[in-house]
Amino acid sequence: MTIPLPKIIGHRGAPRRARENTIEVFLAAREEGADGVELDVHRSLDGTLVVHHDAGIEDFGVLAEQPFAAIRSRYAWLPTLVEVLDACSGFLVNIEIKNSPNDADFDPAERVAATVVELLHERAHDEVIVSSFNLASIERVHALDPGIPTGYLMAAKPMPLDGLALAAAGGHRAIHPLFAMLGGTALVDVVEQAHALGVAVNTWTVNDPEEIKRLAAAGVDAIITDVPVEARAVLAG
């Protein structure tokens with residue numbers, strides 16, 4: 001049986017081409033042959049969903065403590081999620097909700113998750129998956145709309161098979177383990193068990209050509225990478 005090639009997802013776009021998490025870099029990822037992009041979302045004080053990796057910006061403060069007008073006035077390059085979805089029409093967008101307890105804008109009420117769902121309901125046509133390291137965030141998304149695909153991110157804990165069990169039990173459609181968690185025989189076990197449960201395996205952040213080959217050969221569903229053009233070349237053989 002031929003193993004399908006994994007999708008290539010640009011990690012915050014194609015960050016070696018331009019500033020990460022910007023419209024420019026997402027368009028660059030499309031030019032480089034990516035199937036989609038991964039981005040990070042936070043909220044402004046007045047509830048606008050903004051695309052930025054960290055909760056705050058040095059010498060400016062926490063984004064959730066600033067109105068969007070102040071953010072846009074200071075950082076014209078920092079896009080809203082609406083602007084990114086518009087620019088990436090017809091392109092898969094992995095929306096990572098940043099809401100871990102150690103984040104400066106941690107919100108146990110999961111307002112970002114709820115606002116993401118509201119936005120996607122308004123638009124209806126976007127191809128997305130919503131992911132988070134915080135299981136509660138994707139649980140909130142799933143509770144509000146089980147039709148929105150969700151993925152459980154993992155970097156150290158839980159281990160992939162444990163995370164898979166949690167994801168499958170919660171109705172989530174994917175797990176997103178750090179590629180270093182998929183060494184040796186663990187890779188095959190995780191992929192086989194995930195696919196048996198109908199759960200995709202999307203791994204990050206994979207830039208080494210040999211790792212891309214190894215993961216693709218095992219049947220992972222998506223490779224999240226800083227170098228979409230190089231990943232595409234590797235998969236093309």
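At a threshold of 4.0 Å, the pair R173-D221 does not count as salt-bridged, since none of the basic side-chain nitrogens sits closer than that to a carboxylate oxygen. Under a 4.0 Å N-O distance rule, the pair D103/K98 does not qualify as a salt bridge. Ion pair E24/R17 not flagged as a salt bridge, since none of the NZ, NE, NH1 or NH2 atoms sits closer than 4.0 Å to an Asp/Glu carboxylate oxygen. Electrostatic pairing of E230 and R232 does not count as a salt bridge here, judged by no charged N lying under 4.0 Å from a carboxylate O.
Placement of L81 and V50 in two distinct hydrophobic clusters is found when ILVMFWY residues are connected by side-chain heavy-atom separations under 4.5 Å, directly or transitively. In the hydrophobic clustering of ILVMFWY residues, with side-chain heavy atoms under 4.5 Å counting as a link, V234 and L187 come out together. Both I175 and V220 are assigned to one and the same hydrophobic cluster, defined by single-linkage of ILVMFWY side chains at heavy-atom distances under 4.5 Å. Under the 4.5 Å side-chain heavy-atom criterion for Ile, Leu, Val, Met, Phe, Trp and Tyr, V84 and V117 are members of the same hydrophobic cluster. Cluster membership for L153 and L164, using ILVMFWY side-chain heavy atoms within less than 4.5 angstrom, is shared.
Between H52 and D54 the shortest heavy-atom distance is ND1-O, 2.9 Å. Heavy-atom minimum distance, V25 versus A18: CG2-O, 3.6 Å. The two residues G163 and P158 make their nearest non-hydrogen contact at CA-CG, 3.7 Å. Here the closest heavy-atom approach between residue I3 and residue G219 is recorded as CG2-CA, 3.5 Å. Between A29 and F91, the shortest heavy-atom distance links the atoms C-CZ, 4.4 Å. Residue V116 comes nearest to V130 through the heavy atom pair CG1-CG2, 4.1 Å, listed as atom of the first residue, atom of the second, then distance.
Side chain of H121 to main chain of L119: no donor-acceptor pair is present (N/O by atom type, distance under 3.5 Å, no hydrogens or angles). At distances below 3.5 Å, not a single donor-acceptor pair connects side-chain atoms of D126 with backbone N or O atoms of V128. R72 contributes no side-chain N or O that, together with a main-chain N or O of P67, makes up a donor-acceptor pair within less than 3.5 Å. Under a 3.5 Å cut-off, the side chain of T115 and the backbone N or O of R111 do form a donor-acceptor pair. For H172 (side chain) and A174 (main-chain N/O), no donor-acceptor pair under 3.5 Å exists by modelled atom type. Remark: side-chain polar atoms of T48 are not paired, donor with acceptor, to backbone N or O of F68 under 3.5 angstrom. At distances below 3.5 Å, not a single donor-acceptor pair connects side-chain atoms of S89 with backbone N or O atoms of D86.
Residues L63 and D105 form no side-chain contact, since every pair of their non-hydrogen atoms from C-beta on lies 4.5 Å or further apart. Using a 4.5 Å heavy-atom cutoff, the side chains of V190 and L182 are in contact. With contacts defined as side-chain heavy-atom distances shorter than 4.5 Å, the pair V51/P79 qualifies. Looking only at side-chain heavy atoms (C-beta outward), E118 and L49 stay at 4.5 Å or farther from each other. Between V201 and P177 the shortest side-chain heavy-atom distance falls below 4.5 Å. Taking the side chain as every heavy atom from C-beta outward, I223 and I8 never approach each other to under 4.5 Å. Residues E38 and W204 have side chains not in contact (no heavy-atom distance under 4.5 Å, counting atoms from C-beta outward). Side-chain contact between I9 and N202: absent, with no pair of heavy atoms (C-beta onward) separated by less than 4.5 Å.
For the residue pair D40 and N21, a side-chain donor N or O sits within less than 3.5 Å of a side-chain acceptor on the partner. With hydrogens and angles left out, the side-chain atoms of S100 and N102 include no donor and acceptor closer than 3.5 Å.
Under a 4.5 Å side-chain heavy-atom cut-off, the cluster of Ile, Leu, Val, Met, Phe, Trp and Tyr residues that includes F106 has no other member.
Atom CG of residue D35 and atom CG of residue N94 lie 13.0 Å apart, to the nearest 0.5 angstrom. With rounding to the nearest 0.5 Å, the separation of OG in S137 from CG in N99 is 4.5 Å. Atoms CZ and CD, from R43 and Q66 in turn, are 13.0 Å apart once rounded to the nearest 0.5 Å. With values rounded to the nearest 0.5 angstrom, Y152 atom OH is found 8.5 Å from E139 atom CD. The CG atom of L135 sits 10.0 Å away from atom CE of M154, with the distance rounded to the nearest 0.5 Å.
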**OP:** Test E110 against N134 for side chain to side chain contact (heavy atoms under 4.5 Å, CB included), laying out the working first.
**Re:** CA-CA 10 Å; E110 299 293 348; N134 186 349; 3.5 Å; yes

Original post:
Please walk me through it: do K7 and L92 pass side chain to side chain contact (heavy atoms under 4.5 Å, CB included)?
Top reply: CA-CA 10 Å; K7 289 182 178 180; L92 174 64; 4.3 Å; yes

Original post:
Given the rule in the side chain to side chain contact (heavy atoms under 4.5 Å, CB included) test, do V191 and H195 qualify, once you have shown the distances and angles that lead to the verdict?
Top reply: CA-CA 6 Å; V191 172; H195 289 175; 3.5 Å; yes

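Classified by interplanar angle (parallel below 30°, tilted 30° to 60°, perpendicular above 60°), the ring pair Y75/F60 is perpendicular.
Between H11 and the choices T225, D226, N207, the side chain to side chain donor-acceptor pair (under 3.5 Å) rule is met once, by D226.
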